[in-house]
Amino acid sequence: MTAAVARARSPLSLALRRTARSFGGRLGAAILLLVLLAGLCAPLLAALEGQDPHAFNGDLVDGNNGGNPFGSFGGVSGTHWFGVEPGTGRDLFALVVYGIRTTVIIAIAATVISVIIGATIGMAMGYLGGWFEAVLGRFVDFMFGFPTLLFLIALQLIVPSSIPKPVVLTVVLAAFGWVSTARLIHTQTRQLAAREFIDAARASGTPLRRVFVSELLPNLVGTLAVVVALSFPATVAVSAGLSFLGVGLDPSSPDLGVLIGQSITWTYTGADAGYLIFPSIALLLIILGATLLGDALRDAFDVRTESGR
Amino acid sequence: MAWYLARRLAASVVVLLAISFCVYLLFYSGPSDPARVLCGKPCQPERLSQIKQFMGTDKSAVVQWVDFVKGLFVGRTYGTGAEAARCAAPCFGFSFDQRQSVTSLIWSRLPITASIAIGGAVVSLIVGMTLGPLAARFRGGVLDGLVRGGSLLLVAMPAYLLGLLAILVFGFQLNMVPVSGYVPLSESPVDWAWHLILPWCVLGLINGAAYARYARNQMLDELGSDYLLAERATGASARRVRRTARRSVWVPVTTLFGIDLALMLGGTIFTEKVFSMHGIGDLLLGGVSSHDLGIVVGTALFGAALIIVGNLIVDIVQGFIDPRVRRG
Amino acid sequence: MAEPRTSVEPALRLRDLTVTFGGAHPVRAVDGVDLDVHPGRVLAIVGESGSGKSATALASIGLLPGSAEVTGSATVAGVDLVTAAESQRVPLRGSSIAMVFQDALAALNPYRTIGRQISDAYRLHHRVDKTAARKRAVEVLDRVGIRDPERRVDDYPHEFSGGMRQRAMIATAIVNNPTVLIADEPTTALDVTVQQQVLDLLTGLTDDLGMALVLITHDLGVVAETADDIAVMYAGRIVETGTVLDVFDHTAHPYTRALLQATPNLDAPSRRLAAIPGVPASGANRPTGCAFHPRCPFAEQVGEACQTVDPHLTPRPGSALHRAACHFTAEQELPHV
């Protein structure tokens, strides 16, 4: 796709070039790619190490020392690259790569859904205008300053336990995540809708759906790229955060948030820091990489987000 | 100004009522039945209907919401006779598990959450409004680079990660500060602050980094503005003009602060968990794990009310520092 | 219009003032400008945007950004603002030389009352308490024609109308009775009806306070009604200067003539306006020889000199002050087009 666009020298390709040239953009893309690849190849990497994230290794932890792993730095060794989980003795490297996988898959799914919802609502608001825009605009403004986290936590209580936790997490993240997208896309669409080519399409009797898809959408591609790149790390942080608080995924699932959440107890009891540090670094790299890339894209596409964040 | 405030206040009340209505519709017509949880297993149908009557969950969600709103303003009584439990206004619900009103539970936890949140907000504003303008002044210098790089890292950093790292480094490795527990202010102000210092720094750094970056950019915008050039033309020194600019930067920073209130409350919940402090976030999480719908709904609504009140205060402050808002 | 009082020391004296904006490709925005402005007189600096008139103004008060390199001299109250240290310049600004900006809405602090801004400016140069400064602010507001100044002194800029804001800014500029007032396009952002009132106010203040007023404008109509002297700038240089009578009646530079022909409502209301052909030259793309030659209708008549020789200001018919930088000599009258 990049090659085809580059030939056309459209504003899109120019912006992508600017992103690719910026140091932050390159660094972010590189970090993100590395971590995502690790998540994607989790089974492969675990097999390479020769470990399984679900295998308990009771012999590797010291029952007389509160279940702390034998060996220095959480039991780091040639066979257990990141050491093992205290208490269970599960392999930490395998847990981290599988954890990246879980965290990233949920965040990508939630981001995609929330961006689709947000973009549709934002475009509809900007294009249709009138009372639709007024009412939804109020609602979006209100949701923007809403203590979402409280309700994300509260919702866990009424969701039937028959629905798998990852699905629940994805849906609630998406349900609250679309707001900032809608806000941004709304302003952009309103500016676009005021331009003549949209009027021309409308006047010539193009059906609404066609105006959306063939006139509006191509002009919003840049903004959407920025929105995706910036809301992905935010979603990762919240999703891992919920699991960290114990209201996201089940404690047994390999997930970065779960791992970090469980490491608190061990940190307090003075265990080696490895169990906290390896999942934390993985999480931080995902967020940092995506933020760097998002910032570079934002600068390249010259999209003004709320408060420059 | 008074008229403006009255209008904002009225709007806030309407918004709160709307939220609570939606929450009641969602939570009390859902599949989770608080009476059944309380009844335990095995549960006699007779006992269940008794509990339902006591809790008021035998009525429809809408009626329950009306009861809730009434309870907010005049208080309410759960059950009848010897079992009756009084919940004084403003009644945010009742925890049948703990046989206490949610209001009194919240009240006992509020000092902890407020201490963390307000202290964190103060630290973040101090950090942002000192480092931001300084970075702008020495643009391109070492400090500027640190602020820009540091803010990037810190904005990306989830509060719980920074908190855990802080515990690890300052608590366990350096053994400098306490890592958990809360001492009431009334007991010992010094211990209170000493126990809160790590949470404050964590919240303050994370939000302060964002403010520093924002204040830096705003300061650069301000310094290029006509009215500061005009002030210099009246004979004000460069130093005095920078002071004027710093004051102007408070306006956009306050706006951002208002937007961020909800974010800060979220950060406070994480911080409570990391530093094992039993504030409102802990109350909510405990309510979720014990399936106490009264606590969960009451706390969430209280949190929403807190944010709305906070926004109102920010608006008033903004009215004082930006005269153009007052007419709004 | 009074004859120039050359015997009196000028309130503002510019000598060989040159402003260069740095960077990889330095741009000479102002190039060797000499000017004298005398107390009680109005000097208009006229030119298109990019001619260097605003840079001249900012250099005179020492407020160009650090990226600009300024040489030559700009003397006010015996101090050369170009070479003086900032600590010497600060006390002169506002008290000896003050400035009125084009867009009063942008140039007034939106977060402070008008009265506060005027009294702050006053207190920078006078050791008085707030009450006295406020009294002075009311007095000055009254002087610039704000009705009910006692009440309006506590208003914020956004509560003033456009014309009132411009008056308020003039008030902050004259509160310390400066000897030189620079007004940079003071009426451009205003309605036509208000423009005249503000110009009348400025000329009235010039007479009353004995100030020297430097009026920066692109509007020759304004000049004709307001100024005593005029300096026409093109591509960073003065191309013609003299009294308004000199320049209007004995126009010696083709650029001035072109400007006059592009100005409506002068002597011949029914005359068609003539646009000046070509692109304005600026410090960045200065042609060789006379900078105006690519647009000059007389360049062919003069011949080679226009493209190769840079003309200097030489005396022209009219008063002793009338000079122009054009290869048409003093003996030749500029032919009408």
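Every chain is numbered from 1 and lettered A, B, ... according to where its sequence line falls, protein lines coming before strand lines.
- Only the side chain of A:L276 comes within less than 4.5 Å of a heavy atom of chain B; its backbone N, CA, C and O stay farther away.
- Using a 4.5 Å heavy-atom cutoff, the side chains of A:I277 and B:L168 are in contact.
- Of all residues in residues 278-285 of chain B, those placing a non-hydrogen atom less than 4.5 angstrom from a non-hydrogen atom of chain A are B:L284, B:L285.
- In terms of heavy-atom pairs under 4.5 angstrom with chain A, the leader among B:V288, B:D292, B:L301 is B:V288.
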Ignoring hydrogens and angles, write down the donor-acceptor pairs under 3.5 Å from the side chains of residues 9-17 of chain B, residues two or more places apart or on other chains.
| unit_1 | atom_1 | unit_2 | atom_2 | d |
| --- | --- | --- | --- | --- |
| B:S12 | OG | B:R8 | O | 2.8 |

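- By the side-chain hydrogen bond (donor to acceptor under 3.5 Å, both in side chains) test, B:T113 pairs with B:E272, sequence neighbours left out.
- For a residue to count as touching a neighbouring chain, one of its non-hydrogen atoms must lie under 4.5 Å from one of that chain's; by this rule B:V23 touches chain A with the side chain only.
- Heavy-atom distances place both the backbone and the side chain of A:L150 under 4.5 Å from chain B.
- Within the 4.5 angstrom heavy-atom criterion, atoms from both the backbone and the side chain of B:L164 approach chain A.
- The choice from B:G287, B:A300, B:G163, B:G266 that makes the most heavy-atom pairs within less than 4.5 Å of chain A is B:A300.
- Residues B:Y160 and A:L283 have side chains in contact (heavy-atom distance under 4.5 Å, counting atoms from C-beta outward).
- For a residue to count as touching a neighbouring chain, one of its non-hydrogen atoms must lie under 4.5 Å from one of that chain's; by this rule A:F151 touches chain B with the side chain only.
- Contact annotation: the side chain of A:I153 never approaches that of B:V296 to less than 4.5 Å [non-hydrogen atoms, C-beta and beyond].
- Both the backbone and the side chain of A:S280 come within less than 4.5 Å of a heavy atom of chain B.
- For chain B, the nearby part of A:L292 is the side chain; its heavy atoms alone come within less than 4.5 Å.
- Between chain B and the options A:P233, A:G241, A:G246, A:S263, heavy-atom pairs under 4.5 Å are most frequent for A:G241.
- Using a 4.5 Å heavy-atom cutoff, the side chains of A:L284 and B:P158 are in contact.
- Contact check for B:F270 versus A:L245: side-chain heavy atoms found under the 4.5 Å cut-off.
- For a residue to count as touching a neighbouring chain, one of its non-hydrogen atoms must lie under 4.5 Å from one of that chain's; by this rule A:A234 does not touch chain B.
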What donor-acceptor contacts under 3.5 angstrom involve side-chain atoms of residues 148-157 of chain B, with partners at least two apart or in another chain?
| unit_1 | atom_1 | unit_2 | atom_2 | d |
| --- | --- | --- | --- | --- |
| B:S151 | OG | B:V147 | O | 3.0 |
| B:S151 | OG | B:R148 | O | 3.0 |

